[in-house]
Amino acid sequence: MSAAARRVVVVAGLGKGSGTGASTARVFAKAGYSVALIARGADTVNSLAQELNSAGGDAAPFSVESYSTQDISSVWRSIRAKYSAPNYIIAAAIFNIAQGFWKPFLDLTPEEVQQSLQINVEAAFAFSREAILTFKENEIYEPTGKRGALIYTGATASLRGNTTTSAFAAGKFGLRALSQSLNKEFGKDNIHVAHAIIDGGILTERYIQYRPELAKDPDARLSPDSIANAYLYLVNQDRSAWTWELDLRPAHEKW
Ligand SMILES: NC(=O)c1ccc[n+]([C@@H]2O[C@H](COP(=O)([O-])OP(=O)(O)OC[C@H]3O[C@@H](n4cnc5c(N)ncnc54)[C@H](OP(=O)(O)O)[C@@H]3O)[C@@H](O)[C@H]2O)c1
């Protein structure tokens, strides 16, 4: 790897640009990373890339039609083609994609169950495969002793099912299982795989619209920027003492 190679982060799952995915892109851009943005549809990726580039960053939009394995593999091919050695090194990948269905079990349709598992689990397998194959080609980055870092965003539902979360929790449990397995399998290759349990509501525009009463006490919610700073910390950890699982909750959460 060239000493001058610029580090690249791939961030997948950006919603409308006010949540954890977009904050992660902003925080890493400020830290000097080039940012490859993946989301469904062109609007958010284009406007976020423009915002980051106008602020002096280096970001590129990669919209996908779906989170099928085929679309994810294809978008990673485009990302690798744009961010190739010796000028770039793809050093981190953040799987922030999710799809929630908040319904009692008997109201769930087979299609919703299938979609939840496809987006929360199958897409994570596809994304992880591409990230790991990419990192395996990297040389060790001396400041951390790592070839790359792969981070997943989890939720309370990664650990606990509840009355309306059977499909979502099944997906988030699956995601957590994948991250633990990959941490164990690829640690020996100096590839850091970490999972973050976000144990509380995140203050996104969608959340504020959906449950305005909960946004009144911001100390009981998580800020997407604070989560993003935790992700940067994970990526900067060195391999002698790295985190598999980070557990983030707001100060006033009654857990
Ligand atoms: N929001 C919360 O209170 C909360 C709490 C605990 C854990 N989490 C987890 O934290 C991660 C980040 O969530 P976030 O809330 O901060 O959102 P985000 O980062 O803006 O987007 C994360 C995922 O949610 C999808 N999404 C966002 N807005 C959507 C909408 N209006 N309709 C349909 N899908 C939408 C995104 O879709 P695209 O893929 O199309 O971009 C993306 O896959 C997710 O993995 C989530 O499960 C969220």
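Atoms within each ligand, like the ligands themselves, are counted from 1 in listed order. Keep in mind that what you see is a predicted model, and the values were worked out from it rather than measured.
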Next item on the list: Would you sort out whether Glu213 and Arg211 count as a side chain to side chain contact (heavy atoms under 4.5 Å, CB included), showing the intermediate values?
Entry: CA-CA 6 Å; Glu213 77 285 2; Arg211 301 188 70 181; 3.7 Å; yes
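Here side-chain hydrogen bond (donor to acceptor under 3.5 Å, both in side chains) pairs that include residues 166-180, with residues two or more places apart or in two chains, are Arg176-Glu245, Ser179-Trp244.
Judged by distance alone, with hydrogens and angles left aside, the side-chain atoms of Asn138 form a donor-acceptor pair with the main-chain N or O of Ile90 at under 3.5 Å.
Every residue was checked against the ring-ring contact (aromatic ring centres under 6.0 Å, His included) condition with His195, not counting sequence neighbours, and none meets it. In terms of the ring-ring contact (aromatic ring centres under 6.0 Å, His included) criterion, Tyr231 has no residue partners (sequence neighbours excluded).
Ordered by chain and residue number, the residues placing a heavy atom less than 4.0 Å from ligand 1 are Gly13, Leu14, Gly15, Gly19, Thr20, Gly21, Ala39, Arg40, Tyr67, Asn96, Ile97, Ala98, Thr153, Gly154, Ala155, Phe168, Lys172, Ile198, Gly200, Gly201, Ile202, Thr204, Arg206, Tyr207.
Aromatic pair Phe127/Trp76: ring centres closer than 6.0 Å.
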